[in-house]
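Some notes on the structure that comes next.
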Amino acid sequence: MPEDDKKLAHKAVKVEYVYPEGLQSHFVSNIVVQHQPDYFVLSFFEVWLPAILGVSEEEQQAAIAAIDHVEAKCVARLVVTPGKMREFVTVLSENLTNYEKM
């Protein structure tokens with residue numbers, strides 16, 4: 001096979017970002033990051049504090065005392081390679097810096 005036949009052509013291709021109809025947005029208040037040798041797992045959780053109901057302060061304190069946990073609902077889980085994780089951290093850091101400059 002001639003040497004020229006082994007070379008692959010390269011072409012820049014534009015990425016068009018598409019948000020599917022019905023895509024839900026969630027308020028993420030808790031993030032858990034785990035890792036293995038070959039990948040990272042990012043889990044995003046939505047936590048809503050319970051409503052404290054009661055007419056008197058004593059009723060409200062009793063309602064608070066009765067709470068033994070709150071539910072953290074996983075709304076998204078991403079599995080990424082170490083390279084993508086590095087890129088993700090860089091993009092987040094740059095965006096946070098830009099936000100703080102405003």
Side-chain angles (χ1 to χ4, degrees):
M1 180 181 295
E3 191 65 32
D4 290 339
D5 291 344
K6 292 181 183 178
K7 294 179 183 177
L8 296 176
H10 294 281
K11 176 182 175 183
V13 177
K14 182 177 86 170
V15 175
E16 182 178 329
Y17 295 95
V18 178
Y19 295 92
E21 187 176 321
L23 178 68
Q24 294 183 356
S25 294
H26 297 275
F27 182 80
V28 173
S29 54
N30 194 304
I31 302 170
V32 175
V33 179
Q34 300 166 297
H35 62 87
Q36 294 294 320
D38 298 335
Y39 60 89
F40 286 82
V41 179
L42 299 100
S43 299
F44 299 88
F45 292 87
E46 186 175 61
V47 179
W48 293 101
L49 299 178
I52 305 301
L53 304 176
V55 177
S56 69
E57 186 174 329
E58 292 82 21
E59 289 174 330
Q60 292 174 359
Q61 289 300 325
I64 291 170
I67 299 169
D68 72 338
H69 73 281
V70 293
E71 185 176 285
K73 178 183 174 189
C74 186
V75 295
R77 178 174 271 177
L78 307 175
V79 180
V80 297
T81 63
K84 278 295 170 193
M85 184 65 170
R86 191 173 294 107
E87 184 180 332
F88 184 60
V89 169
T90 299
V91 168
L92 286 177
S93 180
E94 289 172 357
N95 274 274
L96 181 59
T97 299
N98 292 340
Y99 170 79
E100 291 172 337
K101 286 179 182 178
M102 293 186 341

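No continuous path of hydrophobic side-chain contacts links Val79 to Val75 [ILVMFWY only; heavy atoms under 4.5 Å]. Val33 and Leu78 fall within a single hydrophobic cluster, where Ile, Leu, Val, Met, Phe, Trp and Tyr side chains are chained together by heavy-atom contacts under 4.5 Å. Under a hydrophobic-cluster definition in which Ile, Leu, Val, Met, Phe, Trp and Tyr are linked whenever side-chain heavy atoms come within less than 4.5 Å, directly or via other members, Phe27 and Val70 are assigned to different clusters. Cluster annotation: Val47 is not connected to Val28 through the hydrophobic network of ILVMFWY side chains, with a link wherever side-chain heavy atoms come within less than 4.5 Å.
Applying the ring-ring contact (aromatic ring centres under 6.0 Å, His included) rule to Phe44 yields no partners; only residues at least two apart in sequence or on another chain are considered. For His26, the ring-ring contact (aromatic ring centres under 6.0 Å, His included) criterion is met by no residue, not counting sequence neighbours.
Summarising the geometry, atom CZ belonging to Arg86 is positioned 8.0 Å from atom OG1 belonging to Thr90; distances are rounded to the nearest 0.5 Å.
Summarising the geometry of Ala63 relative to Leu53, their closest heavy-atom pair is CB-O, 3.9 Å, with the distance given to 0.1 Å.
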Side-chain donor-acceptor pairs of residues 91-102 under 3.5 Å, sequence neighbours excluded:
unit_1	atom_1	unit_2	atom_2	d
Asn95	ND2	Val91	O	2.9
Thr97	OG1	Ser93	O	3.0
Asn98	ND2	Glu94	O	3.4

Mind listing the side-chain donor-acceptor pairs of residues 34-42 below 3.5 Å, one per line with the distance, residues two or more places apart or on another chain?
none

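The list of salt bridge (Lys or Arg N to Asp or Glu O under 4.0 Å) pairs with a residue in residues 57-85, not counting sequence neighbours, reads Lys84-Glu87.
Val13 belongs to no multi-residue hydrophobic cluster, having no ILVMFWY side-chain contact under 4.5 Å with any other such residue.
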